Structure formats: structure tokens, C-alpha cells
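Below you'll find the structure, written out as C-alpha cells, and then a few comments.
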Amino acid sequence: MKILCIAVAVLSLVSVGQPASLACNNLLTPTDKNPELLGRWHMIAFASESCLATTLFNSLVWPSLAMDVTSKDKPNTYDYNIKVKMYGFCFNETETFIYENSKMIDLDSNNSPTGDPDVVLQTSCPDCIVLKSNDYIDTLLLLSKRKSVSDAELKEFETQTQCLGWSAVKMLNTEFDFDNCKILNDDISDEEAETLGNNILSTMSERLSGMYNDIYNCFRDKVWSYFY
Ligand SMILES: *[C@@H]1O[C@H](CO)[C@@H](O)[C@H](O)[C@H]1NC(C)=O
């Protein structure tokens, strides 16, 4: 039994160990390429500084997210329409951002910068962007023009989050059909409210067992982080 404990301990240390710092320096540098921003972006995976927040969000909400970027008449200025699908319902919202010096800066209705800019980090994936944001909490988001990425591309993203000392990467829902869904708006009918309620409950119960395991892993990693 003792041998098993030691084996588990060693494995845990290996799995949360920090990768070489040289690669980290590189991966946490803003991109020096100019990504082709126009078009549809699929949000593939994310991580945050809070293991618990990431886990609860991805277990209980597990949305599909995509973003359509279109150009404005002003240089470096873009509209983006974020599409969200969760529990079988969809909604979307359009905002404007300006891209400069590897940063995406949101503009308000008066075209003034608002909030903290998102930084676009290095990635070797040719049609991906990696966004480091600080909205409510620090997050890292992997977006691709494709609906999925290769294992190697995902691995690099995982390394980026480990470089930051963050928790495990979570995969977002990759069901990117935003046409066949109920529209979520303010005047929701009783029938729609009932469907929504049922969908929320079934999503949560399907993902509950995974959630307990992930929460356990959050605490395990936290405890082990005191030892290395
Ligand atoms: C955004 O949502 C509205 C309903 O609120 C819908 O009519 C519209 O087609 C959607 N727009 C896009 C670009 O998906």
C-alpha cells in the first residue's frame, strides 16, 4: 500500500511539474505574426487561474462558443459577433474591437477603449489564436478556424497554461450548429422556460460524475503545489 502511495505521489508531481522555462518564455510572448482575424473562429479549449471556477463552468454550463469577425471601415477595427449555445438555446452579441500590437482592445459605443485588452500569444498552430484575457478572472482561450485542433496543437496550449501555473485545460462543447436552436431572449414563454429547465438539469446530471472527479483533481493539484 505504501508503494502505491509513493507511486501516486510521484506521478502527481510529474503531471503538475513545470515545463522547461525556455519554452515557457517563448509561449507566453505576444505573437509576432499578424493573424488573419476575419472569418469564423471556434472556441476550442480554455483554462483559468481558478481551477474550481473553470471546472464548475465547464461542468454546469459547457457552452459552444464561436465568433464571426468582420471588418469595419476604419483600419484595424473589427466587429465580432459572439455566438453562444447552451442547454439547446442560442444567443449572440456584437461588439467592436481594435487590433494593435498583438492586443485586442474592446471599443465602447463612443469608440473609446474599454476594459483590459486581450493579448494574443504565440502559437505554432497556423490557424489558431491564443487569447490571454483578464475580465473577471485571468483566462487563456484557444480559438481555431477549424472546429477541432490536433493533439499536438492542444498539447502546446496545455503547456502554455502550465507555464502560467494554471489548472487543467477544459474542452468546450464543439457542437457549433447555431442555426438549429431556440432563441434565448427576454420574453421567454412558459413552454420555453420549461424546456430550458429540463435541458439544464439533464446537462448537469450527465456531467456531474466528471465534475466530482475534476473538483477532486483541483484540490489534489493545489495540495501538491505546496510540495514542489
Ligand atoms: C442573433 O440573435 C438574433 C435573435 O436574438 C437572431 O435573430 C440573429 O439572426 C442572430 N444573429 C446572428 C448573426 O447570428
Side-chain angles (χ1 to χ4, degrees), residues 1-19 23-24 27-28 42-66 84-89 121 123 125 128 130-144 146-177 181 195-228:
M1 218 37 208
K2 203 164 196 174
I3 289 182
L4 186 65
C5 289
I6 293 169
V8 169
V10 170
L11 280 177
S12 306
L13 281 176
V14 169
S15 69
V16 296
Q18 298 278 345
C24 281
L27 287 172
L28 297 181
H42 305 96
M43 306 194 195
I44 308 287
F46 76 109
S48 86
E49 57 179 343
S50 165
C51 187
L52 212 51
T54 316
T55 297
L56 290 176
F57 177 78
N58 218 40
S59 303
L60 303 180
V61 186
W62 201 45
S64 314
L65 296 160
V84 183
K85 183 175 191 174
M86 48 199 242
Y87 312 124
F89 282 76
L121 297 184
T123 172
C125 167
C128 298
V130 172
L131 284 184
K132 187 166 183 285
S133 313
N134 183 349
D135 288 324
Y136 300 102
I137 53 173
D138 283 332
T139 54
L140 209 61
L141 183 64
L142 173 66
L143 302 95
S144 175
R146 283 165 292 150
K147 292 181 179 176
S148 62
V149 297
S150 71
D151 288 348
E153 288 160 348
L154 193 61
K155 186 92 199 93
E156 187 185 80
F157 181 68
E158 282 170 356
T159 306
Q160 276 170 308
T161 69
Q162 285 165 10
C163 288
L164 290 162
W166 289 357
S167 57
V169 163
K170 299 288 175 204
M171 303 304 293
L172 287 158
N173 197 333
T174 54
E175 204 263 276
F176 294 113
D177 178 3
C181 44
T195 310
L196 179 61
N198 289 338
N199 289 356
I200 290 174
L201 286 179
S202 71
T203 303
M204 286 182 179
S205 61
E206 267 168 38
R207 297 179 63 77
L208 213 55
S209 61
M211 184 178 84
Y212 290 135
N213 193 43
D214 288 355
I215 290 175
Y216 168 78
N217 288 339
C218 287
F219 285 109
R220 185 205 59 189
D221 290 352
K222 191 91 198 157
V223 168
W224 279 114
S225 69
Y226 293 116
F227 290 101
Y228 72 90

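Just so you know, these numbers come straight off a predicted model, no measurement behind them. Along the sequence shown, the residues carry numbers beginning at 1.
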Next item on the list: Over all heavy atoms of both residues, which pair between Met43 and Phe176 is shortest? Give the atoms and the distance, please.
Entry: O-CZ, 3.8 Å
Notebook entry, point to check: Who pairs with Tyr212 by ring pair (Phe, Tyr, Trp, His ring centres under 6.0 Å), at least two apart in sequence or on another chain?
Noted result: none
Checklist line | Under the side chain to side chain contact (heavy atoms under 4.5 Å, CB included) test, residues paired with Ser144 that sit two or more places apart | finding: Ile44, Asp127, Cys128, Arg146, Val149
Item checked: Point-to-point distance, once rounded to the nearest 0.5 Å, from OG1 of Thr161 to CG of Leu141 -> 12.5 Å
Item checked: Residues forming a side-chain hydrogen bond (donor to acceptor under 3.5 Å, both in side chains) with Asn198, sequence neighbours excluded -> none
Next item on the list: Sequence neighbours left out, what passes side chain to side chain contact (heavy atoms under 4.5 Å, CB included) with Glu206? Give chain and number order.
Entry: none
Checklist line | side chain to side chain contact (heavy atoms under 4.5 Å, CB included) partners for Asn213, two or more places apart | finding: Asn217
Next item on the list: Would you mind listing every salt bridge (charged side-chain N to carboxylate O under 4.0 Å, His left out) that reaches into residues 160-172, with sequence neighbours excluded?
Entry: Lys170-Asp214
Next item on the list: Could you name each residue pair satisfying side chain to side chain donor-acceptor pair (under 3.5 Å) that touches residues 42-60, not counting sequence neighbours?
Entry: Ser48-Thr54
Margin query: Once side chain to side chain contact (heavy atoms under 4.5 Å, CB included) is applied, do any residues pair with Phe219, and if so which ones, sequence neighbours excluded?
Written below: Leu52, Ile215
Check: Rounded to the nearest 0.5 Å, what separation is found between the NZ atom of Lys147 and the CG atom of Asp177?
Finding: 8.0 Å
Next item on the list: Return yes if some donor-acceptor pair links the side-chain N/O of Lys85 with the main-chain N/O of Glu175 below 3.5 Å, else return no.
Entry: no
Checklist line | Distance-minimising heavy-atom pair for Thr203 and Tyr87 | finding: OG1-CD2, 3.6 Å
Next item on the list: Taking the side chain as every heavy atom from C-beta outward, state whether Arg207 and Leu60 have any atom pair closer than 4.5 Å.
Entry: no
Margin query: Can you confirm whether Thr139 sits close enough to Ile137 that some side-chain heavy atom of one is under 4.5 Å from a side-chain heavy atom of the other?
Written below: yes
Next item on the list: Indicate the atoms forming the closest heavy-atom contact of Gln160 with Leu28, along with that distance.
Entry: O-CD2, 3.9 Å
Next item on the list: Provide the full list of ring pair (Phe, Tyr, Trp, His ring centres under 6.0 Å) pairs with a residue in residues 43-64, sequence neighbours left out, each pair given once.
Entry: Phe46-Phe57
Note to self: Taking salt bridge (charged side-chain N to carboxylate O under 4.0 Å, His left out) as the cut-off, I'd like each qualifying pair that reaches into residues 154-163, sequence neighbours left out, listed once.
What the structure shows: Lys155-Glu158
Checklist line | Test side-chain hydrogen bond (donor to acceptor under 3.5 Å, both in side chains) applied to Ser150 - qualifying residues, sequence neighbours left out | finding: Glu153
Next item on the list: State, yes or no, whether a side-chain contact exists between Leu140 and Val130 at a heavy-atom distance under 4.5 Å.
Entry: yes
Notebook entry, point to check: Asp135: what forms a side-chain hydrogen bond (donor to acceptor under 3.5 Å, both in side chains) with it, not counting sequence neighbours?
Noted result: none
Notebook entry, point to check: Has Asp151 got more than 12 heavy atoms of other residues, nucleotides or ligands less than 6.0 Å from its CG?
Noted result: no
Note to self: To the nearest 0.5 Å, what is the distance between SG on Cys181 and CE on Met86?
What the structure shows: 12.0 Å
Check: Rounded to the nearest 0.5 Å, how far apart are OG1 of Thr174 and CG of Leu65?
Finding: 11.5 Å
